[in-house]
Amino acid sequence: MKKILTGFGFTDIHNQQSMLDYPTTLRASLVKAVRLASEEFGCTDIAIVGGDNVSDYPYWNKSCALPKKNFLDIKKKLHRCVSECTADGKVLYVTGNNDMILGDIGTEENEPYNTTAFYDLMDASFGTLPDSERLVLTCEKKPREYYLGAFHYTVNGIDFIGINIDPDTAFDSHEGYYNDKTMLWVKNKLDEVDPRGTNPVFVIGHLSAIYYYNDGTLKETMINGNTSLFYEMFKGHRNAFYLYGHVHGEKACYRDHSSGAVLHIDENGAPLGSNLNQTDSRGKDYAYSLVHMGGLRPFARRYFKDDGLTGFGGKKEKEYHPGTATPTLAQYLVFEVYEDRVVFYIRNAGECEGYDVSDKLKEYTVYFS
């Protein structure tokens with residue numbers, strides 16, 4: 001069967017602390033992932049940046065002080081890096097729960113600005129969206145700014161729907177969830193673009209839902225907002241895939257098989273069980289699928305090289321920031337869409353025993369029905 005599209009997913013970069021001092025520094029695991037993905041799979045038709053691009057500057061409760069020039073600098077470097085692995089610059093951005101806690105109130109020398117505003121970059125590469133293909137939200141604390149709640153693009157005939165966190169729930173907070181208005185918009189858009197319920201459709205968001213850690217533990221991480229409506233969005237769309245980030249680090253990495261990143265959901269919103277060590281979806285009766293895009297930053301210090309930046313990180317005195325070092329444990333997603341299936345690959349972007357870049361995890365195939 002003919003291949004229609006290739007996509008790369010990079011999420012939870014977490015450029016943070018002294019990385020965001022000027023000039024900013026892009027996390028090395030992203031740079032490496034972009035290079036490795038294009039070397040193995042060639043230029044992609046679409047790249048996805050799954051949120052939590054910036055965070056912890058230096059603490060969540062003091063994080064609205066990133067100067068605008070710093071944000072514009074990291075934004076430019078991020079887009080330039082990811083664009084290099086695409087055929088024609090198509091990079092889709094969604095917001096993470098950490099992204100909107102930065103910079104929104106401005107500083108003494110800056111007007112307030114929107115730290116999730118990658119809209120201009122998407123307009124330039126995908127084309128400006130008509131009102132019918134986007135949902136605009138406002139923030140109570142930022143009434144002059146606008147935020148995309150959701151949006152819809154088509155690439156190579158495949159539909160991509162982005163869903164973003166409600167800014168009122170994420171402003172200067174580590175929380176954040178999808179509001180009802182946004183989820184209803186996505187549900188209606190899915191019904192519009194996939195009326196028969198058989199087309200491959202990708203919904204891209206940051207927040208996870210139900211997830212298996214690599215030790216087999218089932219974790220429900222979408223604890224805020226209307227979770228029942230979240231699951232309701234996908235019903236009736238068997239070949240819908242929700243691609244997400246948010247969970248990352250040493251408990252959320254995969255060895256040997258990419259199958260653990262794909263979770264099939266039944267009509268009641270419950271997982272069918274872990275796909276770990278399986279190769280494809282044949283014989284499974286499911287309603288839709290959730291797909292984890294990996295993560296580019298671990299947590300434990302032993303998974304970082306000893307090259308963390310020394311900078312101000314918002315403080316008066318310079319100090320060493322080990323969390324800004326190069327991760328040895330990092331993963332990303334590659335997916336290939338064919339006429340009859342999607343093939344998912346998890347790949348490593350680090351130099352850690354059991355998770356080295358030389359370890360090619362077995363792919364997992366989902367056949368359309």
Side-chain angles (χ1 to χ4, degrees), residues 3-15 26-53 77-94 96 118 121-122 125-126 153 155-156 158 160 162 202 204 206 241 243-249 252-262 291-298 303 326-338 341-352 354-366:
K3 185 169 74 171
I4 300 172
L5 177 144
T6 300
F8 299 159
F10 310 110
T11 189
D12 292 271
I13 304 162
H14 286 276
N15 296 290
L26 198 58
R27 188 173 288 284
S29 55
L30 172 67
V31 177
K32 190 170 187 177
V34 167
R35 176 178 60 81
L36 292 169
S38 56
E39 286 177 353
E40 182 177 359
F41 295 93
C43 284
T44 186
D45 298 291
I46 182 172
I48 296 161
V49 178
D52 278 6
N53 304 321
K77 290 172 178 174
L78 172 61
H79 187 68
R80 183 172 58 202
C81 174
V82 179
S83 295
E84 290 177 352
C85 69
T86 68
D88 53 9
K90 287 185 169 62
V91 183
L92 187 155
Y93 295 89
V94 292
F118 289 82
L121 301 176
M122 293 195 292
S125 60
F126 292 94
Y153 294 112
V155 181
N156 295 4
I158 303 296
F160 289 84
F202 294 87
I204 316 298
H206 177 74
F241 302 91
L243 275 55
Y244 65 92
H246 192 46
V247 286
H248 54 96
C253 288
Y254 308 96
R255 297 181 69 162
D256 303 323
H257 290 75
S258 304
S259 53
V262 182
V291 184
H292 184 216
M293 290 189 287
L296 293 171
R297 191 199 75 177
Y303 293 116
T326 301
T328 62
L329 181 64
Q331 294 188 325
Y332 60 95
L333 177 73
V334 176
F335 58 99
E336 296 176 323
V337 183
Y338 294 83
R341 66 194 186 278
V342 184
V343 185
F344 294 100
Y345 307 81
I346 289 290
R347 287 293 184 260
N348 295 315
E351 301 164 4
C352 180
Y355 298 97
D356 194 86
V357 295
S358 61
D359 303 323
K360 302 301 182 186
L361 285 70
K362 182 70 176 176
E363 66 271 15
Y364 183 78
T365 301
V366 181

Check: V291 and V342 side chains under 4.5 Å, non-hydrogen atoms: no
To the nearest 0.5 Å, tell me how far E363 CD sits from E336 CD. 8.5 Å
Dump the intermediate steps for side-chain contact (heavy atoms from CB on, under 4.5 Å) on V49 and F118, then the final yes or no. CA-CA 10 Å; V49 178; F118 289 82; over 6 Å; no
Just verifying a value: how many Å separate H292 NE2 and C253 SG, rounded to the nearest 0.5 Å? 8.0 Å
In terms of ring plane angle, is the pair F10 and Y332 parallel, tilted or perpendicular, where the classes change at 30° and 60°? tilted
Run the side chain to side chain donor-acceptor pair (under 3.5 Å) test against H257 and tell me which residues pass, sequence neighbours left out. N277
Looking at every non-hydrogen atom in both residues, tell me the closest pair between A349 and L36 and how far apart they are. CA-CD1, 4.0 Å
List the residues meeting side chain to side chain contact (heavy atoms under 4.5 Å, CB included) with E40, not counting sequence neighbours, and say none if there are none. R347, K360
Examine distances only and state if a side-chain atom of S83 and a backbone atom of R80 form a donor-acceptor pair shorter than 3.5 Å. no
Mind checking side chain to side chain contact (heavy atoms under 4.5 Å, CB included) for C352 and listing every partner two or more places apart, or none if nothing turns up? Y303, T328, Y355
What's the shortest heavy-atom distance between I346 and L361, and which atoms? O-CB, 3.6 Å
Is the distance between the ring centroids of F335 and F241 under 6.0 Å? no
Rounding to 0.5 Å, atoms CG (N156) and NZ (K3) come to a distance of 10.5 Å
The reported gap from CD1 in I4 to CD1 in I158 (rounded to nearest 0.5 angstrom) is 4.5 Å
Check F126, F160, Y93 against Y153 for a ring pair (Phe, Tyr, Trp, His ring centres under 6.0 Å) and give me the one that passes. F126
Whether S29 side chain and L296 backbone form a donor-acceptor pair below 3.5 Å: yes
For a side-chain contact (heavy atoms from CB on, under 4.5 Å) check, start with the C-alpha distance between L78 and I13, then their side-chain angles and the critical distance, and finish with the verdict. CA-CA 10 Å; L78 172 61; I13 304 162; 3.7 Å; yes
Counting C-beta onward and ignoring hydrogens, is there a side-chain heavy-atom pair between L121 and V91 closer than 4.5 Å? no
Residues N348 and Q331: closest non-hydrogen pair is OD1-NE2, 2.7 Å
As an exercise, state the distance from CZ of F8 to OG of S38, rounded to the nearest 0.5 Å. 6.5 Å
Correct closest heavy-atom pair for A47 and V82 would be CB-CG1, 3.6 Å
Do F202 and V337 have side-chain heavy atoms sitting under 4.5 Å apart? yes
Quick one: closest heavy-atom pair of I204 and M293, and the distance? CG2-CE, 4.5 Å
Taking the side chain as C-beta and beyond, is there a heavy-atom pair between T11 and D52 under 4.5 Å? no
Going from OG on S258 to OH on Y345, what distance comes out if it is rounded to the nearest 0.5 angstrom? 9.0 Å
Looking at every heavy atom in both R27 and H14, which two are closest together, and how far apart are they? NH2-O, 2.9 Å
In this structure, is the centre-to-centre distance between the rings of Y244 and H206 below 6.0 Å? no
